[in-house]
Undergrad: 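Below are the structure tokens for one structure; questions will follow.
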Amino acid sequence: MQPALIADYEAVTGECPAWNPVDGHLYWVDIPRGRLFRWDPISGHHAQMWESGGAPLGGLTVQSDGALLLFLSGGAIKRYAGGVVSDVIAALPLESNSRFNDAIADPAGRVFTGTVVEGQVAGRLLRIDPDKRVTVIREGVGISNGMGFSPDLTRFYHTDSTTRIIDVYDYDARTGDVSNRRVFITLSDAGDLAGAVPDGMTVDADGCIWSAVWDGRCIIRYAPDGTELTRIMFPARKVSSAALGGADGADLYVTTAGGDQKATEGDGAGALFCVSARELANALPGWRGRAPFLSRIGDMTI
């Protein structure tokens, strides 16, 4: 499978691709520079939409009305709609020294998100409910990264890049509770992935996990039992995240990092790529995509 280059903004840490089914656009960020980008697959036009002014932009979800939630530092969450930015949560006292890193909505519109305290194993995995109530799920996380839900909504996956582990939890879609954490995947120090770490991820309609591999030049598709099924290689060392989007969620979008150091990180560092639904279907007979869940934080109509 050959990834197609969509846009190259030489992102330091391109991350958090998110498909917006309301406006039919793909959004992604450059974390340390606080930049937000958008791509229109119909026109082929892409652009930088917003810049934070210095605060890292570590996460992104799409709201049910098509607005975006932007997850910054100090527990700040902002709403972006039509170029207008407003506070959803101005700050979380518990996260005054951290920044958000990755975020995902669940079927009820809750958001699961991680926080990072640079240089420390002091981050958290949080759940934010539509009424803005915050629940701490796990303490002592190094670098919280990729998350996802199994198609039958009985499993929740969470990546801690510091430990190089993807954990799986039992998940209750009715309450949003997770329990019974255990190891799903640990990247081995053997072979060509020595030193590489799991980063962002997505889960397809067959329950397979697509995990981006930072310093591994690839994204790996794992079966629900953890067996490696497929690798797609990229012209960048740091493959950072993945999302499904497009019609029926059947296109695979992938971000990379290191755009400020292309000489060592690769020509495709800091870019957005797409592996098309057609390419995936040709390589994976019976391929089925999966539509994203939308967040409803602050949406009191539900």
Undergrad: Determine whether the aromatic ring centres of residues Phe37 and Tyr27 are separated by less than 6.0 angstrom.
TA: no
Undergrad: Apply ring pair (Phe, Tyr, Trp, His ring centres under 6.0 Å) to Tyr253 and list each qualifying residue two or more places apart in sequence or on a separate chain.
TA: Trp39
Undergrad: Atom CG in Leu126, atom CG in Leu92: separation rounded to 0.5 Å?
TA: 7.5 Å
Undergrad: Heavy-atom distance under 4.5 Å between the side chains of Val213 and Leu187, does that happen here?
TA: yes
Undergrad: Should we count CG of Asn97 as having more than 12 external heavy atoms under 6.0 Å?
TA: no
Undergrad: Determine yes or no for a side-chain-to-main-chain donor-acceptor pair under 3.5 angstrom, with Gln63 supplying the side chain and Arg296 the backbone.
TA: yes
Undergrad: Is the backbone of His45 close enough, under 3.5 Å, to the side chain of Ser43 for a donor and an acceptor to pair up by distance?
TA: yes
Undergrad: In the structure I gave you, are the side-chain heavy atoms of Arg181 and His158 within less than 4.5 Å of one another anywhere?
TA: no
Undergrad: Taking Lys132's backbone N and O only, do any of them form a donor-acceptor pair with Asp129's side chain (distance below 3.5 Å, no angle check)?
TA: no
Undergrad: Run the side-chain donor-acceptor check on residues 3-12: report pairs under 3.5 Å with partners two or more places apart or on a different chain.
TA:
from, atom 1, to, atom 2, distance (Å)
Asp8, OD1, Glu10, N, 2.9
Asp8, OD2, Lys262, NZ, 2.8
Tyr9, OH, His46, O, 3.3
Tyr9, OH, His46, ND1, 2.7
Tyr9, OH, Ala47, N, 3.2

Undergrad: Is it the case that the side chain of Asp204 and the backbone of Cys208 share a donor-acceptor pair, with hydrogens and angles ignored and the cut-off at 3.5 Å?
TA: yes
Undergrad: State yes or no: do Phe273 and Met1 share one hydrophobic cluster built from I, L, V, M, F, W and Y residues joined by side-chain heavy-atom distances below 4.5 Å, directly or via other members?
TA: yes
Undergrad: Donor-acceptor pair, Lys78 side chain versus Ile89 backbone, under 3.5 Å?
TA: no
Undergrad: Does the pair Ile297 and Arg110 meet the rule for a side-chain contact (heavy atoms from CB on, under 4.5 Å), with working shown?
TA: CA-CA 7 Å; Ile297 306 304; Arg110 311 175 190 97; 5.5 Å; no
Undergrad: Tell me whether Ser73 contacts the main-chain N or O of Arg99 through its side chain, where contact means a donor paired with an acceptor under 3.5 Å.
TA: no
Undergrad: Which is it for Leu244 and Leu252 under the side-chain contact (heavy atoms from CB on, under 4.5 Å) test, yes or no, and what are the steps along the way?
TA: CA-CA 5 Å; Leu244 293 169; Leu252 178 67; 3.9 Å; yes
Undergrad: Between Glu51 and Arg35, is a salt bridge (Lys or Arg N to Asp or Glu O under 4.0 Å) present by the stated rule, with each step listed?
TA: CA-CA 4 Å; Glu51 189 167 356; Arg35 296 190 292 170; 5.7 Å; no
Undergrad: Taking the ring of Phe149 and the ring of Phe112, is the distance between their centroids below 6.0 Å?
TA: yes
Undergrad: Could you state whether Leu69 and Val134 fall into the same hydrophobic cluster, counting links through intermediate Ile, Leu, Val, Met, Phe, Trp or Tyr residues with side-chain heavy atoms under 4.5 angstrom apart?
TA: yes
Undergrad: Restricting to side-chain hydrogen bond (donor to acceptor under 3.5 Å, both in side chains), what partner residues turn up for Asp152, sequence neighbours left out?
TA: Ser150, Thr154
Undergrad: Output every pair passing side chain to side chain donor-acceptor pair (under 3.5 Å) with a member in residues 267-291, not counting sequence neighbours, ordered by first then second residue.
TA: Asp206-Arg288
Undergrad: Decide whether Ile31 and Leu60 are clustered together by the hydrophobic rule: side chain heavy atoms of Ile, Leu, Val, Met, Phe, Trp, Tyr closer than 4.5 Å, transitively.
TA: yes
Undergrad: Which value, rounded to the nearest 0.5 Å, describes the distance between Leu229 atom CG and Leu284 atom CG?
TA: 8.5 Å
Undergrad: Do any N or O atoms from the side chain of Arg79 and from the backbone of Leu68 form a donor-acceptor pair under 3.5 angstrom?
TA: no
Undergrad: Using modelled atom types and a 3.5 Å cut-off, is there a donor and acceptor pairing between side-chain atoms of Thr113 and backbone atoms of Asp102?
TA: yes
Undergrad: Calculate, to the nearest 0.5 Å, the distance between atoms OG1 and CD1 belonging to Thr230 and Ile220 respectively.
TA: 10.0 Å
Undergrad: What is the distance from atom CG of Leu193 to atom CZ of Arg164, rounded to the nearest 0.5 Å?
TA: 8.0 Å
Undergrad: Please answer whether the main-chain N or O of Thr162 pairs with a side-chain N or O of Asp160 as donor and acceptor at a distance below 3.5 Å.
TA: yes
Undergrad: Could you walk me through whether Phe234 and Arg217 pass side-chain contact (heavy atoms from CB on, under 4.5 Å), step by step?
TA: CA-CA 5 Å; Phe234 289 81; Arg217 298 184 181 273; 5.7 Å; no
Undergrad: Flag yes if Val203 and Trp210 sit in one hydrophobic cluster, no otherwise; membership is Ile, Leu, Val, Met, Phe, Trp, Tyr, and two members link when side-chain heavy atoms are under 4.5 Å apart.
TA: no
Undergrad: Test His25 against Trp19 for side-chain contact (heavy atoms from CB on, under 4.5 Å), laying out the working first.
TA: CA-CA 6 Å; His25 293 154; Trp19 177 256; 5.8 Å; no
Undergrad: For Glu139, which residues count as a side-chain hydrogen bond (donor to acceptor under 3.5 Å, both in side chains) partner, sequence neighbours excluded?
TA: Arg124
Undergrad: Any chance you could measure Phe71, atom CZ, to Glu95, atom CD, to the nearest 0.5 Å?
TA: 12.0 Å
Undergrad: May I ask you to check whether Asp106 and Tyr171 show a side-chain donor-acceptor distance below 3.5 Å?
TA: yes
Undergrad: Are any of the side-chain heavy atoms of Val178 and Arg155 separated by less than 4.5 Å?
TA: no
Undergrad: Looking at CZ of Arg33 and OG of Ser52, how far apart are the two atoms once the value is rounded to the nearest 0.5 Å?
TA: 12.0 Å
Undergrad: What residues join Val183 in its hydrophobic cluster, counting side-chain heavy atom gaps under 4.5 Å, either direct or through other members?
TA: Ile165
Undergrad: Count the heavy atoms belonging to other residues, nucleotides or ligands that lie under 6.0 Å from CG of Asp23, then report whether that count exceeds 12.
TA: yes
Undergrad: Answer yes or no: is there a donor N or O on one side and an acceptor on the other, between the side chain of Ser295 and the main chain of Val111, under 3.5 Å?
TA: no
Undergrad: Around atom CZ of Arg182, are there more than 12 heavy atoms of other residues, nucleotides or ligands at under 6.0 Å?
TA: yes
Undergrad: Are Ile137 and Leu153 connected in a single hydrophobic cluster, I mean Ile/Leu/Val/Met/Phe/Trp/Tyr linked by side-chain heavy atoms less than 4.5 Å apart?
TA: yes
Undergrad: Kindly indicate whether the side chain of Leu94, heavy atoms from C-beta on, has any atom under 4.5 Å from the side chain of Val136.
TA: yes
Undergrad: Given Ser240, which partner from the list Thr255, Asp199, Asn145 fulfils the side chain to side chain donor-acceptor pair (under 3.5 Å) test?
TA: Thr255
Undergrad: Does a side-chain heavy-atom distance below 4.5 Å link Tyr157 with Ile209?
TA: yes
